[in-house]
There are 2 protein chains.
Amino acid sequence: MSLRHALLGLLVEHPASGYDLLKTFGTSLANVWPATQSQIYGELTKLADSELIVVSEQGPRGRKEYTLTDTGLAELRRWLIETEPQRTRSDVLLRVFFLGVLTPQQARDYLDNQAAHATKLHEELKSLDGSIEWDDEDLSIYGRIALEYGQRFSAMQRDWAEWALTQVKDK
Amino acid sequence: MSLRHALLGLLVEHPASGYDLLKTFGTSLANVWPATQSQIYGELTKLADSELIVVSEQGPRGRKEYTLTDTGLAELRRWLIETEPQRTRSDVLLRVFFLGVLTPQQARDYLDNQAAHATKLHEELKSLDGSIEWDDEDLSIYGRIALEYGQRFSAMQRDWAEWALTQVKDK
DNA sequence: CTTTTCATGTAACAAGTTACATGATTTG
DNA sequence: CAAATCATGTAACTTGTTACATGAAAAG
């Protein structure tokens with residue numbers, strides 16, 4: 001149930017509407033925890049029902065701004081401290097297991113494509129890193145650590161795919 | 001819909017029952033694409049209904065052995081060639097974004113735990129790698145490539161978590 | 001005054017999890 | 001013959017996706 005906690009986490013900093021949060025999920029959280037509009041609005045309603053968040057302000061066009069409650073913050077901390085992150089599925093890797101059913105050229109095309117994707121992501125993250133002025137606020141520290149993860153991960157994927165390409169020989 | 005294709009992929013090599021496949025999901029695919037018993041049996045029934053697999057043999061205790069059909073193999077190839085792997089969610093990373101709500105010590109505990117998990121996984125994969133006699137069969141090649149991914153990924157996670165630990169200072 | 005953006009909601013479906021239920025066969 | 005293992009099935013629930021629907025307000 002991580003979406004729930006992602007929403008709580010985003011509301012720590014400042015109140016926001018579903019619409020605001022949707023944009024965050026479309027940008028900074030897009031590669032980490034994608035969520036759809038319908039899911040976000042639904043979950044916000046449930047969070048408000050259980051009083052982990054409250055509607056703190058109503059704006060124009062039916063806008064509802066949510067604020068994290070003390071109970072909500074406590075729940076976020078509990079999740080971080082007491083629960084283990086679930087292991088992640090990897091579609092990219094699953095496919096590798098079955099590349100033997102393709103021709104070597106088709107398999108290389110797949111790996112080549114993965115290398116290209118990883119390279120592109122790595123470039124984007126590197127440039128994002130360069131464009132931010134990091135200070136030593138909490139937000140910066142952990143944002144910087146998360147971004148570093150993305151950069152290391154995409155570099156690893158790129159290098160692995162390039163190495164794997166050399167392993168697939170024609171018959 | 002990757003579970004579907006994971007099952008097709010496993011049936012490429014030889015026929016198997018739901019029970020056999022469940023064991024594979026519990027071991028070699030456990031870290032790549034976990035699936036539950038209930039999910040596997042359900043999906044096998046659907047796959048048989050759409051004739052991507054067939055019941056090729058009935059054994060004792062109601063055992064049903066499934067075999068991949070030509071249509072099933074074609075569908076597996078189509079999936080590999082024509083569809084893009086979906087992006088993966090990362091619970092581990094999501095949590096990093098919110099570590100600022102914990103004390104520095106609690107945040108370090110989290111990162112320390114991640115480092116330990118990654119180290120353990122890396123050791124396991126390294127020893128698994130050492131215990132296999134790799135030849136140049138298709139199966140070996142792609143199995144080897146997949147295992148290499150696991151090793152590089154776990155090493156990356158370990159190194160990242162250890163680096164991150166040095167970034168979290170007390171106030 | 002038309003288009004774009006803001007803003008929320010819901011219905012239908014697919015995928016994944018947990019728990020329960022059942023019974024046959026093999027092993028000690 | 002008791003316990004472990006083999007083997008499948010299903011029901012209830014949660015999570016995630018796609019698509020449709022509606023309308024207010026701001027911008028040009």
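Throughout, a chain's letter reflects where its sequence line sits, starting with A, and its residues are numbered from 1.
- The minimum heavy-atom distance between Ala35(B) and Phe25(B), with the atom names listed, is CB-CD2, 3.6 Å.
- Each of Gln86(B) and Arg63(A) lies near DNA chain C, and the nucleotide nearest Arg63(A) is the one positioned closer to the 5' end.
- Aromatic ring centroids of Phe153(B) and Phe153(A) lie under 6.0 Å apart.
- Put simply, NE2 on His5(B) is 12 Å from P on dG16(C), counting in whole angstrom units.
- The aromatic rings of Trp79(B) and His5(B) sit parallel, their planes meeting at an angle under 30°, below the 60° perpendicular limit.
- Summarising the geometry, the separation between CD on Glu65(A) and P on dT8(C) is reported as 10 Å, rounded to the nearest angstrom.
- Between Arg4(A) atom CZ and dG16(D) atom P the separation is 12 Å, expressed in whole Å.
- Within the structure, every side-chain polar atom (N or O) of Arg61(A) is placed at least 4.0 Å from both OP1 and OP2 of dA25(D).
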Original post:
Can Leu11(A) and Leu73(A) be said to form a side chain to side chain contact (heavy atoms under 4.5 Å, CB included), step by step?
Top reply: CA-CA 9 Å; Leu11(A) 290 173; Leu73(A) 180 57; over 6 Å; no

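- The 12-atom threshold is exceeded at CZ of Arg78(B), counting heavy atoms of other residues, nucleotides or ligands nearer than 6.0 Å.
- Within residues 13-49 of chain B, the residues having any heavy atom closer than 4.0 Å to DNA chain D are, in order of number, Ser17(B), Gly18(B), Tyr19(B), Gln37(B), Ser38(B), Tyr41(B).
- Partner of Pro85(A) under the side-chain contact (heavy atoms from CB on, under 4.5 Å) criterion, out of Leu93(B), Asp91(B), Val96(B): Asp91(B) alone.
- Nucleic acid contact class of Arg89(A) (heavy atoms, under 4.0 Å, all strands): sugar-phosphate only.
- Rounded to an integer number of Å, the gap from CZ of Arg87(B) to P of dG16(D) is 15 Å.
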